[in-house]
Amino acid sequence: MVEVCASGVIDADVDTVWSGLRDFSGPARWVRNIVSSDIEEGKPVDQVGAVRRLVFDSGSELRERLIALSDHDRYFRYALLPPTSLPIEDYNGKVQVFPVVESGRSFVRWCGNFTIREGEPEEVMDWVRGIYQRDIEDMQSCFGRSVLAGAQP
């Protein structure tokens, strides 16, 4: 099992960013290549156990289950459900938002651990990291003016 992480700073307060991310059905609103993201069986968007179906502009689909959500700590965890054509399996991800107190910005950290089913490990890890980084850039575009993680406010 491997772990991959990416992070970024968003020029918006933590409550604004968290309110957009905690909606488990929300990725179609802020991820550029997702055309729909719907919760199955009409469950609430923040109910642990809810399953979302993501449809991408390529026509491919993924299903993910919400396995934890904490408003206090501003994070959610999710698992990728089989079957999938991705080169990974046993995937669990966590997205967390932290306040950057001095500037009123938000720091987003996205990590996932998984088993590589096929492909060169470094290439697969770079591919996953690239997805996270692109999606964090999409969060920056949706929720606030983007700045790079580690940049001086």
Side-chain angles (χ1 to χ4, degrees), residues 1-39 43-58 60-81 84 86-88 90-116 122-153:
M1 184 147 306
V2 298
E3 181 175 61
V4 171
C5 295
S7 61
V9 175
I10 299 174
D11 191 16
D13 67 90
V14 71
D15 292 327
T16 298
V17 175
W18 176 240
S19 72
L21 296 181
R22 76 177 302 282
D23 176 352
F24 197 56
S25 71
R29 289 190 293 278
W30 53 267
V31 177
R32 71 185 88 172
N33 67 329
I34 295 179
V35 296
S36 69
S37 54
D38 300 304
I39 301 295
K43 293 186 177 180
V45 297
D46 58 356
Q47 180 180 336
V48 171
V51 173
R52 70 179 172 196
R53 181 175 155 263
L54 305 173
V55 178
F56 296 84
D57 57 10
S58 66
S60 64
E61 297 182 14
L62 289 177
R63 293 175 68 238
E64 299 171 331
R65 180 180 313 279
L66 182 62
I67 56 177
L69 185 140
S70 171
D71 284 323
H72 181 265
D73 294 317
R74 296 183 193 93
Y75 76 83
F76 68 89
R77 291 183 180 272
Y78 64 102
L80 181 63
L81 299 176
T84 175
L86 298 177
I88 60 175
D90 304 320
Y91 175 90
N92 285 283
K94 179 180 181 183
V95 179
Q96 189 162 13
V97 184
F98 301 91
V100 181
V101 178
E102 298 82 21
S103 65
R105 294 175 173 160
S106 300
F107 178 80
V108 175
R109 185 167 192 259
W110 192 334
C111 293
N113 41 67
F114 50 89
T115 302
I116 297 172
E122 287 302 318
E123 289 178 13
V124 173
M125 292 170 64
D126 286 346
W127 173 72
V128 172
R129 189 176 298 108
I131 292 170
Y132 293 170
Q133 204 61 55
R134 185 202 63 222
D135 290 355
I136 290 170
E137 290 169 6
D138 289 349
M139 289 177 205
Q140 293 167 334
S141 295
C142 179
F143 302 123
R145 184 179 54 85
S146 67
V147 294
L148 297 176
Q152 296 299 315

Q: Restricting to non-hydrogen atoms, name the atom on Tyr78 and the atom on Lys94 that form the minimum distance, rounded to 0.1 Å.
A: CE2-N, 4.2 Å

Q: With rounding to the nearest 0.5 angstrom, report the OG to CD distance, Ser7 to Gln133.
A: 6.5 Å

Q: Mind checking what makes side chain to side chain contact (heavy atoms under 4.5 Å, CB included) contact with Asp73, not counting sequence neighbours?
A: Ser70, Tyr75, Gln96

Q: If I take atom CE from residue Met125 and atom CD1 from residue Ile88, how far apart are they, to the nearest 0.5 angstrom?
A: 11.5 Å

Q: Asp138: what forms a salt bridge (charged side-chain N to carboxylate O under 4.0 Å, His left out) with it, not counting sequence neighbours?
A: Arg32

Q: About how many Å separate CD of Glu3 and CZ of Arg129, when rounded to the nearest 0.5 Å?
A: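 Separation between the atoms: 10.5 Å.
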
Q: Taking only residues two or more places apart in sequence, or in another chain, which ones meet Tyr132 in a ring pair (Phe, Tyr, Trp, His ring centres under 6.0 Å)?
A: Trp110

Q: With sequence neighbours left out, what residues match Glu61 under salt bridge (charged side-chain N to carboxylate O under 4.0 Å, His left out)?
A: Arg53

Q: What residues form a salt bridge (charged side-chain N to carboxylate O under 4.0 Å, His left out) with Arg63, not counting sequence neighbours?
A: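 Applying salt bridge (charged side-chain N to carboxylate O under 4.0 Å, His left out) to Arg63 gives Glu40.
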
Q: Under 3.5 Å, side chain of Ser106 to main-chain N/O of Ile10, donor-acceptor pair present?
A: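 Not a single qualifying donor-acceptor pair exists.
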
Q: Over all heavy atoms of both residues, which pair between Ala28 and Ser37 is shortest? Give the atoms and the distance, please.
A: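 Taking every non-hydrogen atom into account, N-OG, 3.0 Å.
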
Q: Indicate the atoms forming the closest heavy-atom contact of Asn92 with Ile67, along with that distance.
A: OD1-CD1, 3.2 Å

Q: How many angstroms lie between atom CZ of Phe114 and atom CG of Asp90, to the nearest 0.5 angstrom?
A: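 It is 11.0 Å, given to the nearest 0.5 Å.
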
Q: First locate atom CD of Glu64, then atom OG1 of Thr84, and finally report the distance between them rounded to the nearest 0.5 Å.
A: 9.5 Å

Q: Run the side-chain donor-acceptor check on residues 18-27: report pairs under 3.5 Å with partners two or more places apart or on a different chain.
A:
unit_1: Trp18; atom_1: NE1; unit_2: Asp71; atom_2: OD1; d: 2.9
unit_1: Ser19; atom_1: OG; unit_2: Asp15; atom_2: O; d: 3.3
unit_1: Ser19; atom_1: OG; unit_2: Thr16; atom_2: O; d: 3.0
unit_1: Arg22; atom_1: NE; unit_2: Asp71; atom_2: OD1; d: 2.7
unit_1: Arg22; atom_1: NH1; unit_2: Asp46; atom_2: OD2; d: 3.3
unit_1: Arg22; atom_1: NH2; unit_2: Asp46; atom_2: OD2; d: 3.0
unit_1: Arg22; atom_1: NH2; unit_2: Asp71; atom_2: OD1; d: 3.3
unit_1: Arg22; atom_1: NH2; unit_2: Asp71; atom_2: OD2; d: 3.0
unit_1: Asp23; atom_1: OD1; unit_2: Ser25; atom_2: N; d: 2.9
unit_1: Asp23; atom_1: OD1; unit_2: Ser25; atom_2: OG; d: 2.6
unit_1: Asp23; atom_1: OD2; unit_2: Arg29; atom_2: NH2; d: 2.3

Q: Applying side chain to side chain contact (heavy atoms under 4.5 Å, CB included) to Asp126 and Glu123, what does each step give before you reach the verdict?
A: CA-CA 5 Å; Asp126 286 346; Glu123 289 178 13; 5.8 Å; no

Q: Can you tell me which residue among Leu69, Ile39, Leu66 is in a side-chain contact (heavy atoms from CB on, under 4.5 Å) with Val45?
A: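 Only one of Leu69, Ile39, Leu66 forms a side-chain contact (heavy atoms from CB on, under 4.5 Å) with Val45, namely Ile39.
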
Q: With a sphere of 6.0 Å drawn around CZ of Arg109, does it hold more than 12 non-hydrogen atoms of other residues, nucleotides or ligands?
A: no

Q: Just verifying a value: how many Å separate Ser141 OG and Asp135 CG, rounded to the nearest 0.5 Å?
A: 11.0 Å

